[in-house]
Amino acid sequence: MTQLTLPRAESPLHHADLPALAGQDQKGGLILREERFSALVILRGPDDDPGMRAGVEGALGAAPPTEPCSSVLGDDGTRLLRITPDEWLVFGPGTQRQDLMSRLRSALQGTPGRVVDVSSGYACLHLSGEALADVLKKSTSYDVHMRNFPPGKVVGTTFGKGQAYMLRTDADSVLVIVRRSFADYTWLWLQAAAEEYGLSIAG
Amino acid sequence: MANRYSGFGLFRHALRYHENWQRAWRNPTPKTHYDVIIIGGGGHGLATAYYLASQHGITNIAVLEKGYLGGGNTGRNTTIVRSNYLWDESGQLYEHAMKLWEGLSEELNYNVMFSQRGVLNLGHTLQDMRNIERRVQSNRLNGIDSHVVTPDEIKKIVPIINIDNLRYPIMGSSWQPRAGVARHDAVAWGYARAADALGVDLLQETAVTGMRIEGGTIRGVETNRGFIGADRVGCVVAGNSGVLAGMAGLRLPLESHPLQAFVSEPLKPVLDTVVMSNHVHGYVNQSDKGDLVIGAGIDGYNGYGQRGSMPVIEHTAAAICEMFPMFRRVRMNRQWGGIVDTCPDACPIISKTPVDGLYFNCGWGTGGFKATPGSGHVFASTIANDSPHPLAAPFALDRFYSGALIDEHGAAGVAH
Amino acid sequence: MTQRNRLPERGRVDRSRTLRFQFNGRTYTGHPGDTVASALLANGVRLVGRSFKYGRPRGVIAAGPEEPNAILQVGTDPATTTPNLRATQTELYDGLVCSSTNGWPSTERDLTSVVGKVGGRMMPPGFYYKTFMWPSSLWMTYEKGIRKAAGLGQSPSQPDPAEYDHMNHHVDVLVVGAGPAGLSAARTAARAGARVMIADEQPELGGHLLASRATISGTPAAKWVRRQTDALAREPEVTVLRRTTAVGYHDHNFVVLSERRTDHLGPDAGGVRERLHRVRAGQVVIATGAHERPLVFGNNDRPGVMTASAVGTYINRYGVVPGERLVLMTTNDHAYHTALDWHNAGREVVAVVDTRAEAGGDLPTEARACGIRVLTGHGVIEAAGGRSVTGARVAPLSADGESLAGTTHELPCDVIATSGGWSPVVHLTCHTGDKPVWSEEVLGFVPGETRQARVCAGGVNGTYALEAVIHEGVDAGKRAATAWGFEATEMRDLAVSVAEPSQDPSMKLFLVPHHKPVTRAPKQFVDFQTDVTAAAIEVAVREGYESIEHVKRYTVMGFGTDQGKLGNVNGVALTARARGKTIPETGTTVFRPAYTPVTFGALAGMERGGLLDPARFTPMHLWHVRQGAAFEDVGQWKRPWYYPRHGESMQQAVNRECLAVRQRVGMLDASTLGKIDIQGSDAREFLNRVYTNAWMKLQPGRCRYGLMLKEDGMVFDDGVTACVDDEHFIMTTTTGNAGPVLEWLERWHQTEWPELDVCFTSITDQWATVTVTGPESRNVVAKLCDDIDFSREAFPFMAWREGTVAGALARVFRISFTGELTYEINVPADYGMHLWEAVYAAGEPYGITPYGTETMHVLRAEKGFIIVGQDTDGSVTPEDLGMHWALKREKPFSFLGQRSLDRSDSRRRDREQFVGIRPLNGEAVLPEGAQAVENPSNPVPKRTIGHVTSSYYSAALGHSIALGLIERGHDRQRERLHFMTSDGRLEEAELCSTVFYDPDGARQNV
Amino acid sequence: MLNIYCPHCGEHRSEEEFHYAGEAHIPRPENPAELSDEAWGDYLFFRRNPRGLHHEQWYHATGCRRFFNVARDTVTYEIHESYPMGARPSVSRDSEEAA
């Protein structure tokens, strides 16, 4: 049994070496930040099951939202995104990577609620800047106007020729969540779409 | 033929200011009864009538067309003619058509501009190349001219094609030199004129509204011009087969989808080969008018609207620009759609039905135009003898019960 | 060369700056604000091209998108030269170089015109259908000649460097056209609070007002336009798009707009050249106006014959009078504006030839007052002149305009402007299949019934009086906004009044008669670009091509790049006349997108190169790249194909990789395999239904191979599924089928068995998978993990364990696709690269060798394992594959596809069955796809009895092997068949077991 | 270019987000084994394929991954309603003829 180094984690856009590109200037019309190593858990279950709702609320301080395309904030920076009628993407800061899953699992004991860890399965790209709307209009067929896509709303839709979940985090920014294997494609796409406005990387 | 076409005839008419041209076909009033009624005045229906008259001596025939002759898919396709299909059954059927194409202008005394400029079916993955090798070898065993060519050979055949740094590299292609294109309208008009000369009544603006069936036998059809009796009725109504079948109380294993196409503005000659790519979904040839004629994939949903959705056009344009980056600046002049009846196995139905004297020829999907002469020829024989022509036998309806499907999705040219 | 036709003032061009440009090799000058057409006319250039069929000289006729003749090749760079641009819509920039697209050797001295003169009569409609038939072998030769003659401009010959993209919009109200109606509609809707987008094809908003001398409530038209434009700019929710044409109106109010962003700046302007706006609109306001209809008469294609409104536009908007002496022929009052414009420009109006018996309206009166000669009841029956108009032959007309009522005399002139009334631009309203309807009152086709949520306003309705147009616009804006739930407010500043001159009724005239019958008269052109004449239409109808679609297709009327915008209505009318029917009975041809041509690049948008289709990568991709791997496209994935060491051929590399696995240990990036997490109390039952085999007894910690069929009984997918606990399974799918399988499971759960408690989550991207295989694999993985007992007893074949590998939480599966002892290690993808490198390092002492998909294929073929999609093709049953063992027919629930296995054809004895194939010549690798024949000496057509699906050289066995589907294959062991090679030779091979290597499976049983 | 209301996302989405999933309301036979080849073939392949009102399934592929039903006219492409699996359409051929 040889000595093991601690496992080295690489984010989906590791190969793009964003940190090296970051910091330079933030003048770009589009500002991109890769949210690395967040905790992501898929929660499944009937949205009207009291047991599951109570369990989730106990673990996260918020019950799973039942409104289509809605999200709620839980304790310590957690967020529940309703992505299908019986499916939520639970979003937590990297610090919770280790325990978000176990907390939920134990909280859901004896309920029909089920959880799957997908922390490594998605790339989370935080987009902002004054060209944000135009870049999104080039990338998705969804109506991203504030009237239709206010803060807190989350939608599954097309992004380029791929699929993405888009969460309006606040008036000026959107979190684009794509499957990990599409990260490089999405990165290429965003570079092309943002070219005329300038692209800045935030660390 | 009342007025035979020829260069000399043209000259004679020119001297008379073209004031003495005869009608290419009559505009007859319907008789009360015909030996055979063909429903559908497209290429297949007109060819069927022509071969019934010329090969089987049945001339008391009417072709019923609800609109104008050749107004359906015959006049809306990308005019590609090839026979390099995968399975023996379809390969032989399409090759039968190919042989008829080769003498068609002379036979009809109407220049259908059949231009054997060759067709490339590109392969972009290892599996594409396996399928191409398999199809080409099967073609050869069936006596169909077909070759596997390398990227370098492709570049020789089509110097303007881009074979490197594509998202999906071009790894090779099948190549059928005898394949090509024809002038779609001329095919319908040529058959119409020739059939008319043999006594066939071509009834335009005559819509079938019902079928009269007594004791399981067809007696005739109801139309907007009244009842017309017939001993036998053949339906060749691509895009409306399901509707006609419904009138006879039948269902068919068909779904009708929009199939879109578009043409560029006319350009000086730049591409004299047909290039098809199943993988990136696009095929292109340049017409004699100079337009790039471009085919797209079918829309996923059922539709009789003769129009489809924009993404299909966009992806097809992208595919063409990928293979021919110099065409990015060329402009689309017009886009349109046809209605294709798609079968579960991407093969046609040429069949008798549970109703005596009622026959269907449909389900050609995206492959109908290229088969026009062969389809009409074997369907005529099937109707005349009330038993399937040997080449048509495998395409009978019962295959959907027995399971003897002939899966041509790989070779049909458009991914279904 | 001086701009001799340029007026000292007037118009919207900036005379303070002079632009130089080249046309057909000559240098000319113009000004900002000019189009190439206006600049050419300013320079007195008449001849802009040759007609494609007869080679006749042609000049500018119109001033907009309806122009059929002035079709130019712009630019000379082989990558950026652009064919078929309309001079009337091409903005002038300094250094622009353009040329005519027809005429040989040159447009000036054109030889085709000689052919045209002599051969013209030999070219009635459809002449090519009637000739070139004998001998048919020569057709291809004739065709080459025909092709040479056809076509307009030249395609670029180099890749276009320009950028294109798409932009998606969602608006409440889209307004198409920014003339008086459009502007009013947009302002009204915007004021109501709607999200409004207004688009116009011209560089400036205003439509025909840019060339109008009208005053609106006392304000000059141009100033009124500026007010509206400024007001719109102040609205927060309004998007204004200039140089943007609505090219297609699709279902559910989806409108495609094409924006030309850089062409007017010259070839070197960077940025996005063209942008396709994909607009989903709540309501659409169509305010596209109308095109003036030219009159059809003898030699009406001579350079110098133009539409009246075009002449007016050149004078008022561009300050260009396109000639010295004007003869105006009209059927209506409106065209008198042009005579007055010409007169006010200080040039001679020879006469206004009014086809009506009387003309007493205000404008004719004003014209007479200016001393302009007005000939009522007359028509110009023929234009005199060759390369340019020199005169107009005029004759009195009968009251109905059907015949001549007197003798001809000639009026000397160099411009003949004509107006046969107006044709509403209804094109967009027809794109979704709605039919336009003929209006006798408008003398044109107007929009018909529709299901789309749209409102039409202004000229497109046949409303031409400016005041009425503006009010219609306001009303349309109101209706659109309210229909979409907004409250419209009064727009006082748009309650305008415009003094309209009194007008006499227009005359319905589509062909000016001639002394000679149509067939013998000088050519009377209906469609200029396609050289279709009134005579051609008569001949077509005479020959029985009576439907308007037949006339169109037989004469090619309307097939030009202008799609018959000028000629269609005249063509319809002449067809009706020839058939003795009315225009409504005759109907019109179908208008289809694009309204004006759209660049392929714009249609494709950003979909090019790497963005044509997403390329998917595993977490270890960079390592493979650094190792110089060759890659294979598998679905959207890029997978390492093989890892050539320098100097190695593919075969050498694959042989090396294969032997490494068989003799020592190899590693494969298997991360692309589809993985689906399945949970629920009914998960087992669900697996029972979708897989052919049984799942009730699979214990936690164990895995099982499963085979999935479509309902038609044909193999759809396969893979290993592991049991986590009674209610939790992990399914793997083939790389290409991950998506389809998930959709397949969801489909059955949601549409057929919602009562089952089960849910599916794709975890393909969550886990990275490293396959370690070969005799040494146990030693390698053991070095990386101390919490899993890898001994054969503790961790048997087809079991899986959870543990820590290389420090990462891992799921290790002991399954094998190579026949060797194998461990598939799965870790969260973030640690994929770390694991890969750790395995590589741990394996180095054992000579671990990374291998790609090709080696994987060889190894599994040696063991006779199938690859779905390669060894199956959608027509193969499990029994064909000899996998009866995987069928549990006695399961209580009839699994998907089971019933189809009992259809007569599935029971056929002579089906093609999966067999091993061993070429007698062990060096010969059969081509994959090679067809099998029993007796090669049989004549063509030879029956094929099957084909090779997989074929390789097996380094481990030292000879080539293959797998294939062969008729009755299972009963033909040891039979010999012939297989074709790529070069047409035949190879003899013997049918054998599909398992070539280690038949009793001893090697993985360790 | 269809604009489809997804009953689960509660809003209209553009066609690009969906996959067409065939004619609706064709239940899988209870006991396939008892069916004749004809009856089974009917279930597998034969469709109404009407010109006009069509009840069909769509899959919200990039959205909520739910199958649902749509009543759409195959000639005008007009969509009358979207409704979830298991529900019955309120627009049928009869109700249309009645209207």
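FYI, side chains are in, hydrogens and waters are out, and symmetry mates aren't considered; it's all heavy atoms of this structure. Per chain, numbering begins at 1; letters A, B, ... match sequence-line order.
The nearest pair of heavy atoms linking A:Pro7 to C:Ala806 is CB-O, 4.0 Å. Across all non-hydrogen atoms, the minimal contact from A:Gly121 to C:Gln766 is N-OE1, 3.0 Å. Considering all non-hydrogen atoms of both residues, C:Thr761 and A:Arg44 come closest at OG1-NH1, 3.5 Å.
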If you apply the rule salt bridge (Lys or Arg N to Asp or Glu O under 4.0 Å), what do you find for C:Asp830 with A:Arg8, and how did you get there? CA-CA 8 Å; C:Asp830 285 347; A:Arg8 188 185 77 256; over 6 Å; no

Worked verdict on A:Lys161 versus C:Gln636 for side-chain contact (heavy atoms from CB on, under 4.5 Å): CA-CA 11 Å; A:Lys161 284 188 78 178; C:Gln636 291 174 315; over 6 Å; no

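For C:Trp637, the part lying near chain A is the side chain, with the backbone staying farther off; criterion is any non-hydrogen pair under 4.5 Å. Heavy atoms closer than 4.5 Å to chain A are found in the backbone of C:Leu612, but not in its side chain. Heavy atoms of C:His728 lying under 4.5 Å from chain A are absent altogether. Proximity to chain C (any heavy atom under 4.5 Å) is shown, for A:Ala193, by both the backbone and the side chain. Heavy atoms closer than 4.5 Å to chain A are found in the backbone of C:Phe760, but not in its side chain. For A:Tyr122, no part lies near chain C; criterion is any non-hydrogen pair under 4.5 Å.
Chain C forms more heavy-atom pairs under 4.5 Å with one residue of A:Asp134, A:Asp86, A:Leu188 than with any other, namely A:Asp134. Heavy-atom pairs under 4.5 Å with chain A peak, among C:Met167, C:Glu163, C:His277, C:Arg278, at C:Met167. Of the residues considered (A:Arg36, A:Arg179, A:His15, A:Glu87), A:Arg179 shows the highest number of contacts with chain C, using heavy-atom pairs under 4.5 Å. Ranking C:Leu809, C:Asp613, C:Leu835 against chain A, the residue ahead of the rest is C:Asp613, based on heavy-atom pairs under 4.5 Å. Ranked by heavy-atom pairs under 4.5 Å with chain A, the first of C:Gly680, C:Ala615, C:Ala808 is C:Gly680.
C:His170 contributes atom NE2, which lies 9.0 Å from atom NZ of A:Lys137 (distance to the nearest 0.5 angstrom). The distance from atom CG of C:Leu611 to atom OG1 of A:Thr186, rounded to the nearest 0.5 Å, is 10.0 Å. To the nearest 0.5 Å, the span separating OG on C:Ser681 from CZ on A:Arg114 amounts to 6.0 Å. A distance of 11.5 Å separates CD1 in C:Ile763 from OG in A:Ser120, rounded to the nearest 0.5 Å.
Between C:Asp172 and A:Arg147 there is a salt bridge, since at least one side-chain N of the basic residue sits less than 4.0 Å from a carboxylate O of the acidic one.
No more than 12 heavy-atom neighbours from other residues, nucleotides or ligands sit within 6.0 angstrom of CH2 on C:Trp484.
Contact of the A:Asp184 side chain with the C:His621 side chain is not registered, since no non-hydrogen atoms from C-beta on lie closer than 4.5 Å. Between A:Lys138 and C:Arg275, some side-chain heavy-atom pair lies under the 4.5 Å cut-off. You'll find the side chain of A:Tyr185 stays beyond 4.5 Å of the side chain of C:Arg616, heavy atoms only. For the pair A:Asp143 and C:Arg280, the minimum side-chain heavy-atom distance is 4.5 Å or more. At least one side-chain heavy atom of C:Gln679 sits under 4.5 Å from a side-chain heavy atom of A:Val116.
Contact annotation for residues 166-178 of chain A against chain C (heavy-atom separation below 4.5 Å): no residues qualify. Listed by sequence position, A:Arg97 are the residues of residues 92-101 of chain A in contact with chain C, using a 4.5 angstrom heavy-atom cutoff.
Considering C:His834, C:Met620, C:Met833 in turn, C:Met833 is the only one that fulfils the side chain to side chain contact (heavy atoms under 4.5 Å, CB included) rule with A:Glu10.
Proximity of a side-chain donor or acceptor of A:Ser181 to a complementary backbone N or O of C:Phe617 within less than 3.5 Å is not detected.
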